[in-house]
> 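Attaching a single structure in structure tokens format; questions to follow.
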There are 2 protein chains.
Amino acid sequence: MTTAQIKDVLALATARLAPAGEYIFDEGAEAASFHLLLDGHIQVERLNAEGDRVISLHIPPGQLFGIAKALGRTTYPASAVAAVDCVVLSWPMSQWSEFADRYDGFATETYSVIGARMAEMHNRIMELATQRVEQRIACALLRLSEKHGRQVEGGTEIAFPITRKVLSEMTGSTLHTVSRLLSAWERDEIVKSKRKHIFVLDPSRLEQLAQ
Amino acid sequence: MTTAQIKDVLALATARLAPAGEYIFDEGAEAASFHLLLDGHIQVERLNAEGDRVISLHIPPGQLFGIAKALGRTTYPASAVAAVDCVVLSWPMSQWSEFADRYDGFATETYSVIGARMAEMHNRIMELATQRVEQRIACALLRLSEKHGRQVEGGTEIAFPITRKVLSEMTGSTLHTVSRLLSAWERDEIVKSKRKHIFVLDPSRLEQLAQ
DNA sequence: CGTGCCTTTGAGAAATATCAAAGCCTGTGG
DNA sequence: CCACAGGCTTTGATATTTCTCAAAGGCACG
């Protein structure tokens, strides 16, 4: 896009800070806006009928989200929570078709975001259907460290706070099982963890555990 | 679409019969064509690294499939097998952009197919992450009978042959567990089954089992 | 400096897979 | 027309994984 186009697009956006823990939008709500994450990390989640939370995705900075229109929907399929303090740009959904028509790259970008999310969900299904809890948690940690990692001395830190509970909700297990596994892996120096923070020290061993 | 438009579109299609069991395309293959299922049922599946098969979706007649281009991909993300004898229309993928530009309804239809598939995958993830095998199998049977059912006296028959093995690959369990559950449900007159064919007799009890 | 999450760990229970074996359809070829 | 082979199904016994229940310790923030 040209500088002039970017200026036009930004003129129509509203920017705001979403503090950690804030819900940007809720599952099932009327999809009034679509969003771009400038900084921070968004967690996409759903509740089932019994009230169990399942975390579907984590969104890194730079991605569009809440793009219900691109799925032929008028409501959001899941909720989006700020995992840390986030900077978010928002546009009214009414702007969607215009952007799609006017800017070629917009449609293309949308396709590939959707394609990538679909591929990720497909992988999650494969994991849940065929792997044991230990392997699924190893996979989840690898994915998090690759896509949301920050290099530190000796390893990679996951770039947002993450509890045992959250990891269990990402993998369809329980915080107790996650805690036991992380303790064992910490003894083997594969990972290290402080309260709410996890460091991957030895990705290759983790990959091995994930098979 | 107008009659003239339909004529144009059909002129570019090739129609063919895919006998039961035939692979229409394979996971990872170059996405050379996109398809429309006129009659029959398509099963979408993937293999994991260990060679376990996971069945992601079943596609009913009337739907587009193999629409890699709409996901910003050049290869198919999964394989498609004919679950019964199928009639399939195919177009070269190079035709895709033209159709999308020329026919308004085409893009809209694509969006909603993708939206629906994504929603279905999301539901599968929720089920796999939070429900026990028994509930997942009950859900799978309900979905199959609703979306691919054929009314018969006393109940609904699933419209294509389906083995215990296939059901287990749809739910991330084993054919043994599926067999035990179906036997129990047959004793309770919730389902009835012949070799490769399943009839849902009492959907409400099944719904109860699915919670 | 106390309260509320977060984490750890043990013991026992429950769900489900695995191993094993046998019976049963169905279509094929003699 | 019958017998056979191969895939589908059933069922029991056992093993394993993972959850549930329970309790206690620890860290951080107000």
Side-chain angles (χ1 to χ4, degrees), chain A residues 19-21 48 50-55 83-85 127-141 158 160-188 191-199 209-211, chain B residues 19-21 48 50-55 83-85 127-141 158 160-188 191-199 209-211:
Chain A
N48 73 358
E50 284 84 53
D52 306 318
R53 184 166 62 163
V54 175
I55 295 168
V84 291
D85 293 347
E127 283 175 19
L128 285 163
T130 65
Q131 302 191 319
R132 277 172 303 116
V133 167
E134 182 177 32
Q135 304 173 293
R136 301 206 301 265
I137 294 172
C139 284
L141 284 180
I158 292 167
F160 48 85
I162 187 156
T163 64
R164 310 291 183 259
K165 182 114 196 300
V166 166
L167 256 180
S168 75
E169 289 168 341
M170 293 177 58
T171 54
S173 72
T174 62
L175 75 163
H176 305 92
T177 304
V178 172
S179 174
R180 275 182 244 273
L181 284 168
L182 284 183
S183 297
W185 292 345
E186 187 143 7
R187 273 192 288 282
D188 293 348
V191 304
K192 190 158 74 82
S193 74
K194 291 195 202 319
R195 165 179 256 248
K196 286 192 174 195
H197 286 274
I198 298 179
F199 304 80
L209 285 165
Q211 295 271 351
Chain B
N48 73 359
E50 283 84 54
D52 306 318
R53 184 166 61 164
V54 175
I55 294 168
V84 291
D85 293 348
E127 283 175 18
L128 285 164
T130 66
Q131 303 191 316
R132 278 171 302 115
V133 167
E134 182 177 32
Q135 303 173 296
R136 301 206 301 265
I137 295 172
C139 283
L141 284 180
I158 291 167
F160 48 86
I162 187 156
T163 63
R164 310 291 184 258
K165 183 115 196 299
V166 166
L167 256 179
S168 74
E169 289 168 343
M170 293 177 58
T171 54
S173 71
T174 63
L175 77 162
H176 305 92
T177 303
V178 172
S179 174
R180 276 181 243 273
L181 284 168
L182 284 182
S183 297
W185 292 345
E186 186 144 8
R187 274 192 287 282
D188 293 348
V191 305
K192 190 158 74 84
S193 73
K194 289 195 205 319
R195 165 179 258 248
K196 285 191 176 197
H197 286 274
I198 298 180
F199 304 81
L209 285 166
Q211 294 271 353

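Lettering follows sequence order; numbering is per chain, from 1. These numbers come from a predicted model, not from an experiment.
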> Could you state the atom-to-atom distance from CG of A:Leu175 to P of D:dC19 in whole Å?
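The distance from CG of A:Leu175 to P of D:dC19 comes to 10 Å, rounded to the nearest Å.
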
> Between B:Thr163 and D:dC8, is there a contact of a side-chain N or O with OP1 or OP2 at under 4.0 Å?
no

> Taking any atom under 4.0 angstrom from a heavy atom of chain A, which nucleotides of DNA chain C are the first and last to qualify, 5' to 3'?
C:dC5 to C:dA11

> Taking CZ from A:Arg164 and P from D:dC19, how many angstroms apart are they, rounded to a whole number?
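Atom-to-atom, A:Arg164 to D:dC19, this comes out as 16 Å.
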
> Report the distance from atom CD of A:Glu50 to atom P of D:dC19, rounded to the nearest whole Å.
16 Å

> Going by side-chain contact (heavy atoms from CB on, under 4.5 Å), name the residues that satisfy it together with B:Lys192, two or more places apart in sequence or in a different chain.
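Listed in chain order: B:Glu186, B:Lys194, B:Phe199, B:Leu201.
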
> At under 4.0 Å between heavy atoms, what does A:Ser173 touch on the DNA or RNA strands: base, sugar-phosphate, or nothing?
sugar-phosphate

> Drop me the distance from B:Phe160's CZ to B:His197's NE2, to the nearest 0.5 angstrom.
10.5 Å

> Quick one: are A:Leu209 and A:Gln135 in side-chain contact, heavy atoms under 4.5 Å?
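Side chain of A:Leu209 against side chain of A:Gln135, heavy atoms only: no contact under 4.5 Å found.
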
> Any base atoms under 4.0 Å from B:Ser179, or only sugar-phosphate, or nothing? Heavy atoms, all strands.
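Base contact.
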
> Please report, rounded to the nearest Å, how far the P atom of D:dT17 is from the CG atom of A:Leu128.
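Whole-Å distance recorded here is 18 Å.
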
> Using side-chain contact (heavy atoms from CB on, under 4.5 Å) as the criterion, list what pairs up with A:Asn48, not counting sequence neighbours.
A:Glu50, A:Asp52, B:Met126, B:Thr130

> D:dC19 phosphate, OP1 or OP2: any side-chain N/O from A:Thr177 under 4.0 angstrom?
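Yes.
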
> Using side-chain heavy atoms (C-beta onward) and a distance below 4.5 Å, is B:Arg164 in contact with B:Leu182?
yes

> Which residues pass the salt bridge (charged side-chain N to carboxylate O under 4.0 Å, His left out) test with B:Glu134, sequence neighbours left out?
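If we apply the salt bridge (charged side-chain N to carboxylate O under 4.0 Å, His left out) test to B:Glu134, skipping adjacent residues, there are no hits.
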
> Using a cut-off of 4.0 Å between protein heavy atoms and nucleotide atoms, how would you tag nucleotides 21-30 of chain D 5' to 3' with B, S and -?
BB---BBS--

> Would you kindly give the CG-to-P distance between B:Leu181 and D:dT9, to the nearest whole Å?
14 Å

> Do A:Ile137 and A:Trp185 make a side-chain contact, defined as non-hydrogen atoms from C-beta onward lying under 4.5 Å apart?
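They are in contact (side-chain heavy atoms under 4.5 Å apart), so the answer is yes.
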
> At how many degrees, to 10°, do the end axes of the helix from C:dC1-D:dG30 to C:dG30-D:dC1 meet when each uses five pairs?
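Inter-axis angle at the termini of the helix from C:dC1-D:dG30 to C:dG30-D:dC1: 30°.
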
> Separation of B:Leu182 atom CG from D:dC8 atom P, in whole Å?
15 Å

> How close do B:Cys139 and B:Ala210 get, heavy atom to heavy atom, and via which atoms?
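Distance-wise, the nearest heavy atoms are SG-CB, 3.7 Å.
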
> To the nearest 0.5 angstrom, please state how far the CD1 atom of A:Ile162 sits from the CD1 atom of A:Ile198.
5.5 Å

> Quick one: on DNA chain D, does A:Arg132 or B:Lys165 contact a more 5' nucleotide (nearest heavy atom)?
B:Lys165

> For residues 167-179 of chain B, which side-chain donor-acceptor pairs fall under 3.5 Å, sequence neighbours excluded?
{"unit_1": "B:Ser168", "atom_1": "OG", "unit_2": "B:Lys165", "atom_2": "O", "d": "2.6"}
{"unit_1": "B:Glu169", "atom_1": "OE1", "unit_2": "B:Arg53", "atom_2": "NE", "d": "2.9"}
{"unit_1": "B:Glu169", "atom_1": "OE1", "unit_2": "B:Arg53", "atom_2": "NH2", "d": "2.9"}
{"unit_1": "B:Glu169", "atom_1": "OE2", "unit_2": "B:Arg53", "atom_2": "NE", "d": "3.3"}
{"unit_1": "B:Glu169", "atom_1": "OE2", "unit_2": "B:Lys165", "atom_2": "NZ", "d": "3.2"}
{"unit_1": "B:Thr171", "atom_1": "OG1", "unit_2": "B:Leu167", "atom_2": "O", "d": "2.9"}
{"unit_1": "B:Thr171", "atom_1": "OG1", "unit_2": "B:Ser168", "atom_2": "O", "d": "3.4"}
{"unit_1": "B:Thr171", "atom_1": "OG1", "unit_2": "B:Ser173", "atom_2": "OG", "d": "3.2"}
{"unit_1": "B:Thr174", "atom_1": "OG1", "unit_2": "B:Thr177", "atom_2": "N", "d": "3.3"}
{"unit_1": "B:Thr174", "atom_1": "OG1", "unit_2": "B:Thr177", "atom_2": "OG1", "d": "3.1"}

> Provide, to the nearest angstrom, the distance between the NZ atom belonging to B:Lys194 and the C1' atom belonging to D:dT10.
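Result: 17 Å.
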
> State, yes or no, whether a side-chain contact exists between B:Arg136 and B:Leu128 at a heavy-atom distance under 4.5 Å.
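Of all side-chain heavy-atom pairs linking B:Leu128 with B:Arg136, at least one is under 4.5 Å.
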
> Quick one: side-chain contact (heavy atoms from CB on, under 4.5 Å) partners of A:Asp188, sequence neighbours excluded?
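A:Ile190, A:Arg205.
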
